Amino acid sequence: MERATTNIYEIVSQIQAKKEQFHIVPAVAKFTEIKAELEGMCDGELYALLDAEMGNGLIRRVRTINGYAYCVAEE
């Protein structure tokens with residue numbers, strides 16, 4: 001059984017846009033929020049997808065007190 005293509009950029013973008021709409025600062029998508037959107041995905045697989053998007057320059061990683069968060073890379 002093959003998993004449908006997951007667009008991590010879109011998920012991060014949607015979470016970030018929602019936080020910006022409500023003026024939440026910083027407007028970043030926490031790892032746990034992204035994982036909640038992708039029910040059933042293991043941490044390793046999710047980190048691999050996030051790393052691939054970072055490698056493409058679409059998102060960037062932000063260090064937080066409790067771990068990492070991700071946001072859309074500014075051009």
Side-chain angles (χ1 to χ4, degrees):
M1 183 162 143
E2 197 170 319
R3 183 178 292 229
T5 303
T6 303
N7 192 339
I8 295 296
Y9 175 82
E10 286 295 321
I11 293 170
V12 171
S13 178
Q14 290 171 1
I15 293 170
Q16 185 175 346
K18 194 178 296 184
K19 288 185 175 189
E20 288 172 349
Q21 178 183 4
F22 291 104
H23 306 288
I24 297 172
V25 177
V28 294
K30 297 176 187 170
F31 180 81
T32 54
E33 294 170 328
I34 298 168
K35 186 170 177 162
E37 293 289 324
L38 301 168
E39 297 172 358
M41 184 175 286
C42 70
D43 288 358
E45 188 177 354
L46 181 52
Y47 276 121
L49 290 172
L50 289 165
D51 287 343
E53 292 297 311
M54 287 183 349
N56 292 335
L58 298 175
I59 63 174
R60 64 185 177 91
R61 182 180 294 158
V62 179
R63 180 79 171 125
T64 65
I65 292 172
N66 298 328
Y68 291 106
Y70 298 85
C71 63
V72 174
E74 297 175 10
E75 295 184 38

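Quantities reported herein were computed from a predicted structural model and do not represent experimental measurements.
Partners of Asn56 under the side-chain hydrogen bond (donor to acceptor under 3.5 Å, both in side chains) rule, at least two apart in sequence or in another chain, do not exist in this structure. Every residue two or more places apart in sequence or in another chain that forms a side-chain contact (heavy atoms from CB on, under 4.5 Å) with Ile24 is listed here: Lys19, Phe22. For Lys35, the salt bridge (Lys or Arg N to Asp or Glu O under 4.0 Å) partners at least two apart in sequence or on another chain are Asp43. Residues forming a side-chain hydrogen bond (donor to acceptor under 3.5 Å, both in side chains) with Lys30 (at least two apart in sequence, or on another chain): none. In this structure, Glu53 has no salt bridge (Lys or Arg N to Asp or Glu O under 4.0 Å) partners at least two apart in sequence or on a different chain. When the side-chain hydrogen bond (donor to acceptor under 3.5 Å, both in side chains) test is applied to Arg60, no partner is found at least two apart in sequence or on another chain. Contacts of Gln21 classified as side-chain contact (heavy atoms from CB on, under 4.5 Å), with partners at least two apart in sequence or in another chain: none. With sequence neighbours left out, the side-chain hydrogen bond (donor to acceptor under 3.5 Å, both in side chains) criterion links Glu37 to no other residue.
Side-chain contacts under 4.5 Å among hydrophobic residues (ILVMFWY), followed directly or transitively, place Val25 with no other residue at all. Residue Val62 shares its hydrophobic cluster (ILVMFWY side chains chained together at separations under 4.5 Å) with Val28.
Heavy atoms only, all atoms of each residue included: Val12 and Val72 are closest at CG1-N, 4.1 Å. Taking all atoms of both residues into account, the shortest heavy-atom contact from Ala73 to Gly57 is CB-O, 3.3 Å.
For residues 26-73, every residue pair satisfying the ring pair (Phe, Tyr, Trp, His ring centres under 6.0 Å) rule, not counting sequence neighbours, is listed here: Phe31-Tyr47.
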